[in-house]
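What follows is one structure encoded as structure tokens, with my remarks underneath.
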Amino acid sequence: MSSTTEDISVVVNPPDEVMTAAEIDLSFAYKADADDDSFSFSLTNRPIEVVKRYENWCVLSVARGNGPRAVEEWIANNESSCFESKRGDLQESSTPETNLPAIANPHNAAVAHSLLLVARNQSFLQELQDIRVTVHCLVKGYFAPGTEIKLVNSMEGRLCQTNAVCLEVVPSNSAGHVSLLAAHNKGQFIAPRQFRRHLQSGGWPVLGASRDCLPFRGEKMCLSVVGLEFQAKGIEKRQYIYQPAVPKLRRILAKEERFWKEKQGVDEVRKELFSSEVPRPAEYVNEKAAFDGLELRVTPDVMIPRKGSEALVEIVDQFYSSKDCTEKSPLILDLGTGSGNLLLAILKRLCHLNAVGVGVDASRDALNLCDYNIAALGLNDRAKTIQGKFQDIGHLKHAPFDVVVCNPPYISNRGQKRNLDAATSIYEPEKALYVDREERNIHYEHIVEGIVKGNLLVPGALLVFEVCRENANAVEGLLTANGFHGVTVGRDWKRCIRTVHGYYLHHSSNSMKM
């Protein structure tokens with residue numbers, strides 16, 4: 001689709017058409033971790049907050065209603081708390097105006113909540129590079145969840161590009177459909193109004209009472225800045241600052257869907273839940289599941305993530321909390337990744353180390369779902385998936401790894417299966433759950449064998465398995481016999497036996513012991 005008034009090209013890729021990381025690289029988060037310095041900020045009733053300070057730059061969180069003048073006045077009154085060093089430490093310029101703080105990205109106007117990058121003065125403003133702003137917004141129009149959009153526009157003599165992915169779509173009585181998009185600039189930084197003009201020219205206007213938006217039920221502009229990335233001279237690593245999207249966007253979606261269902265005279269979700277004798281799990285009906293603060297898409301192609309599995313994530317987090325965090329980016333391997341819940345939760349917690357990871361699964365449908373969750377969380381540049389079986393991991397080309405996590409099938413298809421609830425037995429994938437009673441530990445043995453023979457781990461690397469009470473001792477013995485030290489059986493939040501982990505000592509024999 002193109003516009004005759006401007007040189008605009010729009011490319012829409014359906015979910016089953018995979019884009020490379022070079023084509024789309026979304027960066028956003030649903031939740032910030034207050035204990036993580038990379039996400040250090042607090043949302044209070046104050047309209048302007050300092051999110052992160054640097055020697056010559058700072059990042060502000062700015063609430064709705066603060067225009068450029070209000071922000072500049074706030075910075076002038078609070079400059080000493082904005083930057084790490086004092087102004088007296090800097091050499092004064094001969095031109096006083098050049099010493100005034102300078103706003104790098106003008107995303108503070110007419111949005112529900114924004115991140116603002118501020119330089120100490122004009123000279124330091126020039127040292128900022130590759131500023132990337134990520135937003136969540138509601139638009140009129142239908143996109144299947146996972147649909148990726150690329151908008152290219154030639155404006156004021158330069159090429160501007162916006163990349164977006166659809167996170168959720170609901171039917172609407174007034175707009176037909178309302179889609180929630182996550183979008184960011186590609187290449188040169190563009191102002192939010194230009195981004196809105198991109199979508200409007202493509203036929204998908206942002207909803208709200210603002211210029212270049214579509215008026216919608218008296219709502220103000222339905223757009224929230226959730227991510228800010230940049231590089232700067234003197235800062236070794238690229239900086240990533242995230243904040244949660246305002247809950248109002250999700251509430252508007254829920255309200256529109258509820259109004260539509262009421263008009264249709266039927267509650268679709270209730271009908272789906274109670275249409276059979278054994279109700280489908282709500283996670284499969286809604287295609288959503290929560291895990292370690294993340295919202296993930298799930299389908300019957302994968303297991304529903306359980307809170308008990310967060311114990312594996314905790315072990316990895318504690319492993320790096322007790323280590324020198326100046327080491328290179330750790331490489332994580334998640335075997336039997338499914339929806340990607342373990343891998344993505346670990347990458348979220350280790351974002352300050354710029355951790356990267358690989359998810360392996362035998363199911364192509366599971367990997368497609370994991371790829372969707374990777375894109376939805378903006379981790380295309382830090383995570384990838386590979387199709388493979390446990391017995392083949394010794395041939396992985398990405399080794400050696402710093403951490404391996406795995407939740408393999410370990411429920412006996414006799415005995416233990418009878419103890420599961422009916423919904424799990426009926427609706428969740430059997431291959432992800434069950435194993436023959438006589439071969440309960442077969443997957444653990446294949447994985448340890450692949451690690452030993454393929455030299456998959458660096459010395460001192462961490463291996464974490466999910467287990468049950470019945471096989472924990474056997475798995476503990478398997479690790480101890482094959483070069484792991486500090487082998488420990490751990491419990492989950494309910495105090496149930498849930499994990500076995502150990503640290504790898506290199507074996508010169510490269511042969512596994514049973």
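Quick caveat, the model's predicted, so the values are computed rather than measured.
No salt bridge links Arg306 with Asp492; every basic N to acidic carboxylate O contact stays at or beyond 4.0 Å. Salt-bridge formation is detected for the pair Glu295/Arg250: a Lys NZ or Arg NE/NH1/NH2 atom is positioned less than 4.0 Å from an Asp or Glu carboxylate oxygen. Between Glu283 and Lys288 no salt bridge is recorded (no basic side-chain N to carboxylate O distance below 4.0 Å). Taking 4.0 Å as the cut-off between side-chain N and carboxylate O, Lys255 and Glu219 count as a salt-bridged pair.
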Decide yes or no on side-chain contact (heavy atoms from CB on, under 4.5 Å) for Leu228 and Arg132, but give the supporting numbers first. CA-CA 6 Å; Leu228 174 64; Arg132 178 173 296 173; over 6 Å; no

For a side-chain contact (heavy atoms from CB on, under 4.5 Å) check, start with the C-alpha distance between Leu207 and Cys213, then their side-chain angles and the critical distance, and finish with the verdict. CA-CA 6 Å; Leu207 303 181; Cys213 291; over 6 Å; no

Stepwise salt bridge (Lys or Arg N to Asp or Glu O under 4.0 Å) check, Arg238 with Asp130: CA-CA 9 Å; Arg238 182 169 178 81; Asp130 192 17; 3.1 Å; yes

Show the numbers, then the answer: is there a side-chain contact (heavy atoms from CB on, under 4.5 Å) between Ser172 and Trp260? CA-CA 6 Å; Ser172 168; Trp260 181 83; over 6 Å; no

Stepwise side-chain contact (heavy atoms from CB on, under 4.5 Å) check, Phe143 with Glu148: CA-CA 9 Å; Phe143 299 97; Glu148 295 165 333; over 6 Å; no

Would you sort out whether Thr299 and Asp301 count as a side chain to side chain donor-acceptor pair (under 3.5 Å), showing the intermediate values? CA-CA 5 Å; Thr299 70; Asp301 295 314; 3.2 Å; yes

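Under a 3.5 Å cut-off, the side chain of Gln387 and the backbone N or O of Ala362 do form a donor-acceptor pair. Looking only at distances, a side-chain donor or acceptor of Asn77 sits under 3.5 Å from a matching main-chain atom of Glu73. Side chain of Asn56 to backbone of Arg120: no donor-acceptor contact under 3.5 angstrom is found. In this structure a side-chain-to-backbone donor-acceptor pair under 3.5 Å is present from Asp361 to Gly338.
To the nearest 0.5 Å, atoms CD1 (Ile374) and OG1 (Thr337) are separated by 7.0 Å. Atoms OH and CD1, on Tyr427 and Ile304 in that order, are 11.0 Å from each other to the nearest 0.5 Å. Distance check: Thr385 OG1 to Asn368 CG gives 8.0 Å after rounding to the nearest 0.5 Å. Note that the CZ atom of Arg53 and the SG atom of Cys82 stand 8.5 Å from one another [nearest 0.5 Å]. Taking CD1 of Ile346 as the start and CZ of Phe319 as the end, the distance is 11.5 Å to the nearest 0.5 Å. Here Cys137 contributes atom SG and Leu181 contributes atom CG; the two are 5.0 Å apart, rounded to the nearest 0.5 Å.
Put simply, the side chain of Asp292 reaches to within 4.5 Å of the side chain of Arg349, judged on heavy atoms. Side chains of Leu125 and Trp57 form no contact here, defined as non-hydrogen atoms less than 4.5 Å apart. Between Ser224 and Val135, every side-chain heavy-atom pair lies at or beyond the 4.5 Å cut-off. No side-chain heavy atom of Cys406 sits less than 4.5 Å from a side-chain heavy atom of Val464. Put simply, the side chain of Val118 does not reach to within 4.5 Å of the side chain of Val59, judged on heavy atoms. You'll find the side chain of Leu294 reaches within 4.5 Å of the side chain of Lys348, heavy atoms only. Looking at Cys222 and Lys248, their side chains never come closer than 4.5 Å, going by heavy atoms from C-beta outward. For the pair Leu296 and Leu377, the minimum side-chain heavy-atom distance is below 4.5 Å.
The only member of Asp334, Val358, Leu333 that meets side-chain contact (heavy atoms from CB on, under 4.5 Å) when paired with Leu343 is Asp334. Just one of Glu314, Glu310, Lys307 meets the side-chain contact (heavy atoms from CB on, under 4.5 Å) condition when paired with Trp493; it is Lys307.
Nearest approach of Phe216 to Ala175, heavy atoms of both residues: CE1-CB, 4.1 Å. Taking every heavy atom of both residues into account, Val51 and Leu60 meet most closely at CG2-C, 3.8 Å. When all heavy atoms of Ala232 and Leu128 are compared, the pair lying nearest together is CB-CD2, 3.8 Å. Looking at every heavy atom in both residues, Arg382 comes nearest to Cys351 through NH2-CA, 3.5 Å. Smallest separation of non-hydrogen atoms from Ala432 and Met303: O-SD, 3.3 Å. Nearest heavy-atom pair, Ala383 versus Leu347, reported as atom, atom and distance to 0.1 Å: CB-CD1, 3.8 Å.
Side chains of Glu466 and Ser309: a donor-acceptor N/O pair is present below 3.5 angstrom, by distance only. Defined by atom type and a distance below 3.5 Å, a donor-acceptor pair is present between the side-chain atoms of Ser123 and Asn121.
Aromatic pair Phe83/Phe124: ring centres not closer than 6.0 Å.
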